[in-house]
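Below, chains carry the letters A, B, ... as their sequence lines are ordered, and counting in each starts from 1.
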Amino acid sequence: MSRVHVTCTINGDPIEFLCDGGQTLLDALRDEVGLTGAKEGCGTGDCGACSIVMDGRLLCSCLALAPEADGTTISTVEGLASGDDLHPLQQCFLEGAALQCGVCTPGFLVAAKALLDRNPDPTETEIRYGLAGNLCRCTGYDKIVRAVQTAAQTINES
Amino acid sequence: MTVTEPKPSYKYIGTRPVRHDGVEKVTGRARFAADLNLPGQLHGIAVRSPHAHARIVSIDTSEAEAMPGVKSVITGDDFPAVAPGDRNYDMCVNVIARDKVFYEGHAVAAVAAITREQAQQAAAAVKVAYDVLPPVLTIDDALAPGAPVLHGHMLTAGADPPAEEPSNISNITRFAGGDLDAGFAAADLVIEREFTTQPVHQGYIETHACVADTGQDGHTSIWCSSQGHFNVRSSTATLLGWETTRIRVIPAEIGGGFGGKTTIYLEPLAVAMSAKAGRPVKMVMSRDEVFRATGPAPGTRLKVKLGVQSDGNLVAGDAYLIYTNGAYAGPGGLLGAMTVFESYDIENFNIEALDVVINTARSAAYRAPAAPLTAFAMETLLDEVATELGIDPMDLRLQNAVTEGDPSTMGFPFARIGFVECLEAIRDHPHYTAPLGPNQGRGLAAGYWFNIGESSSATVNLNEDGTATVVTGSPDIGGSRASMALMAAEVLGIDVYDIRPVVGDTEAVGFTDVTEGSRATFATGMAVVEASRKMVVELRGRAAKMMGVDVDDIDWVDGQAVYTGSDGEKDPLPLAAITGKAKRTGGPLTTTGSLEAHGAGPGFAVHLCDVEVDQETGVVRVVRYTASQDAGTAIHPSYVEGQIQGGVAQGVGWALNEEYIYDSDGVMENPSFLDYRVPVASYLPMIDAIIVEVPNPAHPYGVRGVGETGIVPPIPAVANAIHNATGCRLRDLPMSPIRVLDAITSNGGSKGA
Amino acid sequence: MPVRVHLSSNLRGPTGGVAEVEAEGATVGALIDDLDRRYPGLGDALRSGVSVVINDLLIAHPDYEPVADGARIYFVPQTAGG
Amino acid sequence: MLTAMRYASPTTVAEAVDLLGSDPDARVYAGATDLIPQIRAGRPEPTVMVDLKRIERLCAISSNGSTYTVGAATPTADICADAGLTAAFPGLVEASGLIGSDQIQSRSSWGGNLANASPAADTPPSLIVNEARAVIAGPGGERTVPAAEVATGPGATSLGPGEIIVEFELDQPPARTADAYLRLIPRTEMDIAVVGAAARVTLDADGNVAAAAVALGAVAPTVVRVPDAEAALIGNEPAGDALAAVQAAASAATNPIDDKRGTVAYRRQVAGVLARRAVSMAAERAREQGGQS
């Protein structure tokens, strides 16, 4: 059984890894690349905890096969901050107490970043539908929605 | 918005600092149990029963053991025998079945291999021969004459006369007070209704996971996600028949629990396999396993009857409650009995509660266990009473609400409680009188939950630079580290960011009970305050030494030792000046607080919910929600609001969509987040959380537990709102579009009585 | 000095349904021993899964808790939580 | 997940057809939003996953003025972002946008939605009322069939061994024509339709219905057309009795089952309600469009 050699760019870094043909991208990121920010909450694309962006598209990495990453550019939650400077979304999640247990937080941040990249000034409803693929069982979403609103404002003002 | 009684002014308590573990969590670096990998690690998978009820005839592991990469295969035979009736029997045989399986998903064996795929293939190769038994799946099944009895040793506790034959009723609880017949005779209105509810899951996003590493010396370390690592240690030791001290449990970050991680499932299996293979073993449940094999909240059938006088005075209450606790005995009925009438002053009452066992996964605690369901019954009945008598539902509750000195169901008089204040906070909120749109309705409901104390430990270490490390034994599920730091900052008088709150492992901090019963900020907070106060005594002593004065002349003010004696002026000594000289004044500055917390204070909540109902499809949308809750004192208000909002969201899901669906063989039909529908962001409105602060006199800062009460009122609040919008009373959960449309259709299709 | 002890209604089997009884003891544990002498079987009921409320304070494991003169003691079932 | 499974990413239709035709256990991999969870659960066990997303033709949207061509693997996110499609087929685009979350939208496609042959799929009813044609490539070359003929039952299609849907063709609708799609799910997002209803209406100059199509999802083994509803609309104003007839005809056309997501009675009743609302919404859109043309 031969493993597949994948070359891609993750969070700006050139990365090579070996994976099985049937391995999910989530498992490869976590087990082969060592990036454990994306979490497996369901394995069926229903919770969004494994959200990443591949070639500009937001997706659940549990529903992608790892070999598909060859030649792509991927960003994960680990790439959201620049050095010590947190992304405004991260800062607003912190200041707005938009996380409790924190296990869904990486997925929310990645999805919210994709949402704001596409729609820099979303309404509350657009945020709620835009993040409907990410489950949070702790917060009731109130503070998450507010944090995304505040972050959008911060980004738009800067 | 906060309703506040006159209270001491605090410098740190009540502020909203960024949580100390926050940066790690927003950058993806926080380590949850499944994120840890050890060198040489194997992957473990449980083999689970496809049958809801069966006798295990034989287990053949030989083929699995011979497969490539397989290093360890275990069955129940690898664990010490446990006798039926032993106090740990249920827990032990739930983790791994012995002679019988009691639900679909019950673990019967486990395998560990080099890769997860090898383990999966080997798990599929374990051959289990079952003698399938008829499953007991509902309350009616369980209570039917001649029903198959799950546990041949189970005699009903609390039965009068004492039970002589085994049955599926594990426990009967009875509470009574006053004269029930006289109470109903004095009533002008008597209403009796029956309610049914289905099991629901806590739905934490992180599945159960652990890594166990057993060394040559026979000691093991376990990294895991749990609400209480000391409990993981003792339970694992019990299952393995090991001395507790052979096990060290290191708490990973925990991705939600809500009661579901107060018990154990994987750890003893991982340890046993690790011991057999001599390598670390990691186990991570799939979502499917979480649904099938870990504890949901009970399903129920509840019958409640109220007697009311025409002025709204509640004079009699009769409740007959049945809770299914899954495959083993559980406390659902007892807790239902303790909560059903607890919020109201009803002189004459009778409560009988049955706990029954059925062939579904063993129930685990879920946020205010049992109370959301008794509230569903009681608070919708009150709504009906208000409608019948033409009394405003708020006035009806204010009139009958328990206040300080009123007797609880159990007889003791309530200490200072904040129920009336919570009601008033909602009454005075603009939401209460805001106009409703077409097809909209508004529902009011209240809820009650205890808080519990138990054992907690904290250590305060002052560092050379004048900062402090606060180590506690309570896993941080929802931001409790920040609360610990705030309380320590308040006592020590140093900045909250100069305190590093840490959750210590079982060998790094004193024994601490499970994070349950909303106890972390209350009880572990007390331990932090005690350790911090001891530290202040110590610091005053050191300062006195440094200043050369009597310790009685030193006060501790805003993080400094201040001389109050009459021997002239002396410069105050800030904490950092004292820690910098610790070596010369007596050595390291470390104090501990270990205590059994007394005086847990009951918490009340009052919720107001607006729904919009599509009268042609039965689809219900929650369009506005306001919730008040007595927090005693909100240590970190943002996280108190978060607890309230999270409770509301879970309660709304429970009300409208969530349920376990089984086929006729007891196989779960919806074990995924697709078909087990927890609320998504687009399903909910903003949730306005009003913190009411009626301090708990038993806590140094007045804290009441806040984690659970918020899930109690939403179900009846939604039900009452649906009634207000449609004229239909829904008494069966979930209030799905199918049920709502059915109710509307049988009601004549329009807003009726 | 005897104190007044209140039993939640599920604990009243051994007292024949009587809610409030008298007992003596310097600690709650001693009180339970005394109650067991007066109402055989009550001791067992009070030693497992039972808390007390003394002077508004809920105490989950009260065996060695001192009982002051004039105290009112309420025995209640222990709670759990999630 | 199977370690032995291979991954292939052909860049031409011919390569894909070769791969699929030469191995009966090869599976098409487009979005795989259903397939990957199924494989993880142990069934099916493909030998090779043939990723279609690197074949340009399968991911392109184009129009020659009279016909739109949409690659079968085009992510529905791209379809929703396409102004031409949105103007011409608002209901079909809405249906496309309802498939799962934004994350799923990056992967879901018309081809996947149709070939997966779930009776509850969101886009097939809309593809059918818009008379979409599926261009199918296989070992024997290409053929074009009505989209309605692809799914033949739950999980079953008319696709032969080695055949894939390459693209869809949709004719530019005539004037005063619009479609709509409504579905019922319990929680606003992230759900499988309990009932889906698509309608397309063409109005004449007087505002009466000149042509109509109504199709229902999740109420039978395959999408159900409702000819009685269509007949009731023709020549009439899309209001009052005509809409009531649509509702009754739609309910009557259903052949639903009881399952964990819905009951027969509920599906039947709600199918009528949604069909009526979808017709009404499509007619409203057609009317607005008439004002513009």
Side-chain angles (χ1 to χ4, degrees), chain A residues 1-4 6 19-28 31 38 40 42-72 107 110-115 117-119 125-135, chain D residues 1-9 11 25-42 44-54 59 73-78 80-81 94 97-109 112 185 187-192:
Chain A
M1 170 187 71
S2 65
R3 303 193 86 206
V4 183
V6 173
C19 63
D20 294 330
Q23 197 169 1
T24 65
L25 180 54
L26 173 61
D27 283 346
D31 298 338
E40 178 168 315
C42 66
T44 53
D46 295 306
C47 80
C50 65
S51 297
I52 61 153
V53 172
M54 183 162 76
D55 283 346
R57 294 187 187 279
L58 175 71
L59 52 89
C60 289
S61 56
C62 75
L63 290 185
L65 293 176
E68 197 188 336
D70 194 39
T72 66
V110 169
K113 165 84 164 40
L115 171 68
D117 285 348
R118 188 163 46 79
N119 178 0
T125 302
E126 286 168 339
I127 294 171
R128 287 186 178 277
Y129 277 86
L131 297 178
N134 293 78
L135 294 181
Chain D
M1 193 63 86
L2 297 168
T3 45
M5 196 164 88
R6 285 191 305 119
Y7 167 84
S9 52
T11 53
D25 291 323
R27 292 292 292 246
V28 166
Y29 173 42
T33 54
D34 289 317
L35 184 57
I36 287 183
Q38 286 165 9
I39 293 171
R40 285 169 59 110
E45 298 184 13
T47 46
V48 55
M49 294 284 269
V50 182
D51 189 351
L52 303 182
K53 296 189 293 297
R54 298 205 181 187
C59 300
T74 307
T76 46
D78 291 4
C80 294
E94 277 165 358
L98 289 177
I99 305 170
S101 58
D102 281 12
Q103 285 88 334
I104 302 297
Q105 288 282 308
S106 298
R107 316 281 286 177
S108 54
S109 62
I185 55 168
R187 66 169 171 182
T188 70
E189 267 285 2
M190 303 304 291
D191 253 330
I192 304 295

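Taking D:Ala81, D:Ser101, D:Ala8, D:Pro37 one by one and counting their heavy-atom pairs under 4.5 Å with chain A, the maximum is reached by D:Pro37. Counting heavy-atom pairs closer than 4.5 Å to chain D, the top-ranked of the candidates A:Gly48, A:Cys19, A:Ala132, A:Ala111 is A:Ala132. When each of D:Ala77, D:Gly100, D:Pro75, D:Ser9 is scored by its heavy-atom pairs under 4.5 Å with chain A, the top score falls to D:Pro75.
Rounding to the nearest 0.5 Å gives a distance of 11.5 Å between CG of D:Asp102 and CG of A:Leu59. How far CE of D:Met5 is from CG of A:Asp20: 9.5 Å, rounded to the nearest 0.5 Å. If you take CD1 on D:Ile36 and SG on A:Cys62, they are separated by 8.0 Å, rounding to the nearest 0.5 Å.
Checked by atom type and distance alone, the side chain of D:Tyr29 pairs as donor or acceptor with a backbone atom of A:Leu65 at under 3.5 Å. When atom types are taken as modelled, the side chain of A:Arg57 and the backbone of D:Arg107 share no donor-acceptor pair closer than 3.5 angstrom.
Residue contact with chain D, scored on non-hydrogen atoms closer than 4.5 Å, involves the side chain of A:Arg118 exclusively. Neither the backbone nor the side chain of A:Ala114 comes within contact range of chain D; no heavy atoms are under 4.5 Å apart. Proximity to chain A (any heavy atom under 4.5 Å) is shown, for D:Gln103, by both the backbone and the side chain.
Here the shortest heavy-atom pairing between D:Tyr7 and A:Gly21 reads CB-O, 4.0 Å.
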